[in-house]
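Chain A is the first sequence line, chain B the second, and so forth, proteins listed ahead of strands; every chain is numbered from 1.
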Protein chains: 2
Amino acid sequence: MARKQGSHSDITGPRVRDAALRLIAQHGYAAVSMRQIAGEVGMQAGALYNYTPDKQTLLFDLMKDHMVALLAALKDLPSRTEALARLEDFTRFHIRFHVPRPDQVFVSYMELRNLSPENFAMIEAMRRRYEDALEDILRAGEAEGAFDMKDTRVTAMALIAMLTGISNWYRADGRLETETIETIYWDLVRKAVTT
Amino acid sequence: MARKQGSHSDITGPRVRDAALRLIAQHGYAAVSMRQIAGEVGMQAGALYNYTPDKQTLLFDLMKDHMVALLAALKDLPSRTEALARLEDFTRFHIRFHVPRPDQVFVSYMELRNLSPENFAMIEAMRRRYEDALEDILRAGEAEGAFDMKDTRVTAMALIAMLTGISNWYRADGRLETETIETIYWDLVRKAVTT
DNA sequence: CGTTTAACTGAACGCTCGTTCAGATGCAAA
DNA sequence: TTTGCATCTGAACGAGCGTTCAGTTAAACG
């Protein structure tokens, strides 16, 4: 029964990754079996190995793609000059990027433990670059005299944790629009760091 | 070889829970086997069932005890009258309680998915009580005219996420003392919500 | 000192796991 | 129409899983 109509590698590959992402976000990497993922796509477990060398690499690729997309999108942000404007851009960008991707956020922040040491190091390095981008803005604001905080590094971590925490309570059918959430959080961020 | 010297239920019970907590925090609930936990304590897997009816209950008890201890400690906070003072007490309390318990924080925030529906509901209800305590303070501050924010519920969630995020980067042998961390975060919290 | 019993061992239960692979299948090229 | 090959099936591999339980051990009790 192999090679049904319209069942090609170009289509099955993404379907495998989508199913893996959703299942891992829901139940966790260790709790999801290759058979479950295959079943979600409508195939046998063995066929998954046409699309990934092993389960670990499947997880790593999901997390890597998320981080690559995040850093690429960040790079495309129009870089304004004033630190306050840059911070607002960063804040709104973070929310706009993460809110529509709850599964990626879940996996990227909860499955770090299940990465092999080498894979963990690569993901961690990308996360670090993202954190550094925020810290740069905070330092620039301090130099301008527009911002004032006790510790730029810790403040960067604090702000990212606050923003990413949205995924803990946000529901697409909830009472708040993304735009409203941006306004609420930008208000908090701005007040927290400005002089 | 059963019943070695000094090996009684009063001692083994806590050792089982300590081992389970550390291992689950490190590798995740689904990735840790009963045999691993038993091995850490120096016994066979079957003997664990003298101390827990099953693996799920072991996880639930770890999370329940953490939340019970958190809510009990919160209750013992001397309740001052001014909202600003209450918010400072809450902020410093949260940090002081969570920083020395990184494993409990990890487990309580990452293993919610692995709780049975009934157990999840119980933990979630306790978390809700904690969040409500903070929201009460924010509302009181608004009524006083001392605080100003767009949405008290969302702000409460944002602040808790920010504070709990400390566990993502804090290391006991790092450059910062708990007292210093309290100062940094209280500065952020206060500025974010005051008028 | 003999008996009881809490605490534990070690083996077993049925099941699921990640992964491999020979063989089946059907589209595309020749 | 025949051939080649990408794709998938279905079975199998050894290993480990949570849990149960009859039997062993040694501390505590009468």
A.B. asks: Can you check the Gln44(B) CD to dG18(D) P distance for me, whole Å?
C.D. replies: 14 Å
A.B. asks: If you only use heavy atoms from C-beta on, which nucleotide in dT19(C), dT19(D), dA7(C) is closest to the side chain of Asn50(B)?
C.D. replies: dA7(C)
A.B. asks: Once the angle between the rings of His66(A) and Phe97(A) is folded into 0 to 90°, is it parallel (under 30°), tilted (30 to 60°) or perpendicular (over 60°)?
C.D. replies: tilted
A.B. asks: Indicate whether OP1 or OP2 belonging to dC17(D) is found under 4.0 Å from a side-chain N or O atom of Ser33(B).
C.D. replies: yes
A.B. asks: Expressed as a whole number of angstroms, how long is the span from Gln56(B):CD to dG18(D):P?
C.D. replies: 13 Å
A.B. asks: Tell me whether Arg127(A) forms a cation-pi arrangement with Tyr109(A), defined as NZ or CZ under 6.0 Å from the six-membered ring centre and within 45 degrees of its axis.
C.D. replies: yes
A.B. asks: Measure NZ/Lys55(A) against P/dC17(C) and give the value in whole Å, please.
C.D. replies: 9 Å
A.B. asks: How many whole angstroms separate atom OH of Tyr29(B) from atom C1' of dC17(D)?
C.D. replies: 12 Å
A.B. asks: CE of Met43(A) versus P of dG10(D): gap in Å, rounded?
C.D. replies: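 About 12 Å, once rounded to whole Å.
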A.B. asks: Indicate whether any N or O donor in one side chain lies under 3.5 Å from an N or O acceptor in the other, for His94(A) and Tyr130(A).
C.D. replies: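 Yes, Tyr130(A) and His94(A) have a side-chain donor paired with an acceptor closer than 3.5 Å.
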A.B. asks: Can you tell me how far P of dG18(C) sits from CG of Leu48(A), to the nearest Å?
C.D. replies: 10 Å
A.B. asks: Rounded to the nearest Å, what distance is computed from the CD1 atom of residue Ile24(B) to the C1' atom of nucleotide dG18(D)?
C.D. replies: 14 Å
A.B. asks: Mind checking if Val32(B) touches a base, just sugar-phosphate, or nothing, with heavy atoms under 4.0 Å?
C.D. replies: sugar-phosphate
A.B. asks: Check whether any side-chain N or O of Thr12(A) sits under 4.0 Å from OP1 or OP2 of dT7(D), and answer yes or no.
C.D. replies: no
A.B. asks: Would you mind reading off the distance between Ile37(B) atom CD1 and dG16(D) atom P, rounded to a whole angstrom?
C.D. replies: 17 Å
A.B. asks: Please check if the number of heavy atoms outside Glu82(A) that lie under 6.0 Å from its CD is greater than 12.
C.D. replies: no
A.B. asks: Considering all heavy atoms of both residues, which atom of Arg190(B) and which atom of Leu84(B) are nearest to each other, and what is their separation?
C.D. replies: CG-CD1, 4.0 Å
A.B. asks: Toward the 5' end of DNA chain C, which comes first, Ala30(A) or Ala47(A), by nearest nucleotide?
C.D. replies: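 Taking each residue's closest nucleotide, the earlier one in sequence belongs to Ala30(A).
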A.B. asks: Just compare dC8(D), dC17(D), dT19(C) and give me whichever is closest to any side-chain atom of Asp54(A).
C.D. replies: dT19(C)
A.B. asks: Choose from dT19(D), dC8(C), dT9(D) the nucleotide whose nearest atom is closest to any side-chain atom of Met34(B).
C.D. replies: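 So the nucleotide nearest the side chain must be dT19(D).
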A.B. asks: Is it the case that dG18(C) (base atoms only) and Arg35(A) (side chain only) share a donor and an acceptor within less than 3.5 Å, ignoring hydrogens and angles?
C.D. replies: yes
A.B. asks: As a test of reading the structure: which of dC8(D), dG10(C), dT20(D) is closest to the side chain of Tyr49(B), going by heavy atoms?
C.D. replies: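 Nearest to the side-chain atoms of Tyr49(B), counting from C-beta on, is dT20(D).
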